[in-house]
Amino acid sequence: MKIKMKDGSIREAAFEEELGKNAFRHTTAHILAQAVKRLYPDTKCAIGPSIADGFYYDFDFAFQFSEENLSEIEAEMKKIVKENLQLRQFAADREKAMQMMEERKEPYKIEMLKDLPEGEEISFYQQGEYLEMCAGPHVAYTSAVKAFKLLSVAGAYWRGDEKNKMLTRIYGTSFPNEDMLAEYLNRLEEAKKRDHRKLGKELGLFVLLEEGPGFPFFLPKGLILKNLLIDYWRKMHAKEGYVEISTPIMLNRQLWETSGHWEHYRDKMYTTSIDGADFAIKPMSCPGGMLVYKMEPRSYREFPMRISELGLIHRNEASGTLHGLMRVRCCTQDDAHIFMTPEQIQDEIKGVARLIDEVYSTFGFSYHVELSTRPENSIGSDADWELATNGLKNALDDLKLPYVVNEGDGAFYGPKIDFHLEDSIGRTWQCGTIQLDFQLPQRFEAEYIGEDGNKHRPIMIHRVLFGSIERFLGILIEHYAGKFPLWLSPVQVKVLSLSDKYIDYAKEIEQTLKMEGLRCELDARAEKIGYKIRTARLERVPYMLIVGEKEAETKSVSVRERDAGDLGNMPIEKLLEILREEGI
RNA sequence: GCUGGAAUAGCGCAGUCGGUAGCGCAACUGAUUCGUAAUCAGUAGGUCGAGGGUUCGAGUCCCUUUUCCAGCUCCA
């Protein structure tokens, strides 16, 4: 069973197990709140749920709270655990509940109370002197919480609305024993070593500089990766009946007015003027694709017409949201627009979903699916939205793909299916998406001649598989922890010479491998072999070839694999055979 | 954008009470010519993110600002 946690992450888990863990974490959140109230009685409490790997509690402190305060709270929490307080549940009617919360001067609880339906009994939990309005469930005694840790402090808007006051959120986690806590913290540390920003720097893949916040620079090895992903993508699309185009990154204001972007997406667009006319740099590729569609009369016989475009797009994302390659201001979307008849909708959506599954399986990614519905700031009629949303739903049902619904999270022109991937510490990122759009064809007055000889309006799908190549690459780096499969490795083989005496032979090997199309480097420094191996390993090079006297004499190489270690001595043909089998 | 933190050599970091900016790795030079995760010695490298202020004196204290980190909001 899939469970969507309050922090947005999706977990596969047995329901009872999940409930038990949640009750446990939720109780720890109560202990946290009780400790805070003891230490700083003026603090107002908001909410404190359990989340995927722990819990949080939102407070409104009467003073400037910082991480330095966490240790004194932890000390107080330990006391509460030791006191072994019982958590007693009781119900109260609305009036009584209101009275209790007013006595305790808890404005956030009062606000929540006001929103609860009339006549409903309200649940409370009491532990020692601390009273919390809460539906539960909880564990029975505070002493059950044997191991916990407060992890970080952050701001969070009251009720998740940026118009509201920002509260102070304390994150923590708890476990039934110290070993489990230590193991969790250790796992977190290990995961941080896979961070694509750290690996990107260590492996020389990309860099983000102060001169261009959110605008990544690709370094030689990173660009090899990016280009390899593109090669893979192009081959796949050629096979799937797509034609590729490329449209300008800058187009005039009128076009963006027609598409609706000027009105609905303007705050994220970079604009400029040319010869006195307004222009915008594209935040999406669809309007350009639309113009290509409209170039000449189209027939139903050409449908489904699948037009792909690796679009370089720019979006002025808010500064605080930037995150390595995962969230940038400039990226390459592996876009495609499919024009079709209404009858072709189901098959096309299913075809794209299958493609996405194929791509993600190739890299060994697991993903979850969300259906995002009509947002507030949208264009188009209710009927169109319903038709489009049902179209996506039916396709998902047909495919038997489990999904969660994300109300109001669709694009302004249509609903979408989103495919989410996880990074090394469990944050999820939207990558693939399939969007059904009735609006753009109308706005651009796109047409095709049907079987009946009359003009009709085509249906349009926008879709990406990677999402953005940058984000996908970020996920990829973390997924493999920098140890890319052979076919993706920026350097596939490194030749390590034992001393200068064998450099000529080492160069000969390097040349042979390069002629075979392998990405190969030679380490000919006057260093010991152990040191060269160490360097190559840190670079995560899949194969190391050691060449010295023995190899030069027998015209062979001694092979070391990144993980498997020594593979022994072999002729170069044998090595090539191994590499081909693995896939180059 | 919001809340809280951080910024010192290419990278990873130390720098106490405000009193001469340091360590390791990398780089460079020289020696070593070596058999599976670090050979030895030496050299060079800094407007301490930027701008202002307090002070006899600021990496250190204060203000402004930029970027980054965690989370929120938003999103591919």
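Because the structure is a prediction, the values reported are computed rather than measured.
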Remember a base hit wins even if backbone is also touched, and classify [X] as base, sugar-phosphate or nothing at under 4.0 Å, heavy atoms.
X: A:K416; result: sugar-phosphate
X: A:Q430; result: sugar-phosphate
X: A:I529; result: sugar-phosphate
X: A:E561; result: nothing
X: A:D161; result: nothing
X: A:T535; result: nothing
X: A:G530; result: sugar-phosphate
X: A:K550; result: base
X: A:F466; result: nothing
X: A:G160; result: sugar-phosphate
X: A:R159; result: nothing
X: A:C431; result: sugar-phosphate

The side chain of [X] is closest to which nucleotide in this list: [options]?
X: A:D566; options: B:rC75, B:rG71, B:rU36; value: B:rU36
X: A:Q64; options: B:rC75, B:rA70, B:rG4; value: B:rG4
X: A:R327; options: B:rC75, B:rC34, B:rU36; value: B:rC75
X: A:R560; options: B:rC74, B:rG5, B:rU36; value: B:rU36
X: A:Q333; options: B:rU33, B:rA76, B:rA70; value: B:rA76
X: A:A526; options: B:rG35, B:rU33, B:rA76; value: B:rU33
X: A:T321; options: B:rU33, B:rG4, B:rC72; value: B:rC72
X: A:E162; options: B:rG35, B:rA76, B:rU73; value: B:rU73
X: A:E527; options: B:rA70, B:rC75, B:rU39; value: B:rU39
X: A:M166; options: B:rU36, B:rU3, B:rU67; value: B:rU3

Between [atom2] of [N] and [atom1] of [X], the distance in whole Å:
X: A:D418; N: B:rC75; atom1: CG; atom2: C1'; result: 10 Å
X: A:E202; N: B:rC13; atom1: CD; atom2: P; result: 11 Å
X: A:I503; N: B:rC34; atom1: CD1; atom2: C1'; result: 13 Å
X: A:D195; N: B:rC68; atom1: CG; atom2: C1'; result: 12 Å
X: A:N164; N: B:rU73; atom1: CG; atom2: P; result: 11 Å
X: A:K201; N: B:rC13; atom1: NZ; atom2: P; result: 9 Å
X: A:Q435; N: B:rA76; atom1: CD; atom2: C1'; result: 9 Å
X: A:Y157; N: B:rC2; atom1: OH; atom2: P; result: 8 Å

With a 4.0 Å cut-off, would you call [X] and [Y] a salt bridge?
X: A:E510; Y: A:K507; answer: no
X: A:K268; Y: A:E317; answer: yes
X: A:D335; Y: A:R463; answer: no
X: A:E407; Y: A:R374; answer: no

key: Donor-acceptor pair (no angle test) under 3.5 Å: A:E68 side chain, B:rG4 base   = no

inquiry  = For a quick check, tell me whether the side chain of A:R197 and the base of B:rC68 share a donor-acceptor pair closer than 3.5 Å.
reply    =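 It does not, because no donor-acceptor pair links the side chain of A:R197 to the base of B:rC68 below 3.5 Å.
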
Does the side chain of [X] get closer than 4.0 angstrom to OP1 or OP2 of [N] through an N or O atom?
X: A:R169; N: B:rU3; result: no
X: A:Y531; N: B:rA26; result: yes
X: A:K501; N: B:rC34; result: yes
X: A:H323; N: B:rA70; result: yes
X: A:R525; N: B:rU33; result: no

request  = Could you list the residues that satisfy side chain to side chain donor-acceptor pair (under 3.5 Å) with A:K416, not counting sequence neighbours?
outcome  = none

message = Reading 5' to 3' and counting Watson-Crick or G-U wobble pairs with both distances under 3.5 Å, write the dot-bracket notation for RNA chain B, | for bases paired outside the strand.
response = (((((((..((((.....[..)))).(((((.......))))).....(((((..]....))))))))))))....

message = Here's a test of your reading of the structure: between A:Y502 and A:I425, which maps to the more 5' nucleotide of RNA chain B?
response = A:Y502

First of A:A156 and A:T168 reached from the 5' end of RNA chain B, by closest nucleotide =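 The residue closer to the strand's 5' end, by nearest nucleotide, is A:T168.
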
Which whole number of Å gives the distance between the [atom1] atom of [N] and that of [M]?
N: B:rG45; M: B:rC25; atom1: C1'; result: 14 Å
N: B:rU32; M: B:rA41; atom1: P; result: 16 Å
N: B:rG49; M: B:rU66; atom1: C1'; result: 7 Å
N: B:rA27; M: B:rA44; atom1: C1'; result: 9 Å

query = In this structure, are over 12 heavy atoms from other groups packed under 6.0 Å from A:E561 atom CD?
reply =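 More than 12 heavy atoms, drawn from other residues, nucleotides or ligands, come within 6.0 Å of this atom.
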
ask   = Under 3.5 Å, is there a donor-acceptor pair between the side chain of A:H264 and the main chain of A:G260?
value = yes

query = If you round to the nearest 0.5 Å, how far is NE2 of A:H337 from SG of A:C286?
reply = 4.5 Å

ask   = Quick one: CZ on A:R159 to OH on A:Y108, what's the gap to the nearest 0.5 Å?
value =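 It comes to 11.0 Å.
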
ask   = Are A:R25 and A:F55 in a cation-pi setup, meaning NZ or CZ lies under 6.0 angstrom from the ring centre and within 45 degrees of the ring axis?
value =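 Geometry flag: not set, cation outside 6.0 Å or 45°.
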
request  = Using a 90° cut-off around 0 for syn, call B:rC17 syn or anti.
outcome  =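 Syn for B:rC17; the angle stays within 90° of 0.
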
query = So A:Y57 and A:H30, ring pair (Phe, Tyr, Trp, His ring centres under 6.0 Å) or not? Walk me through it.
reply = CA-CA 8 Å; A:Y57 207 110; A:H30 276 212; 7.2 Å; no

remark   = Sorted by chain and number, sequence neighbours left out, salt bridge (Lys or Arg N to Asp or Glu O under 4.0 Å) with A:E549 holds for none

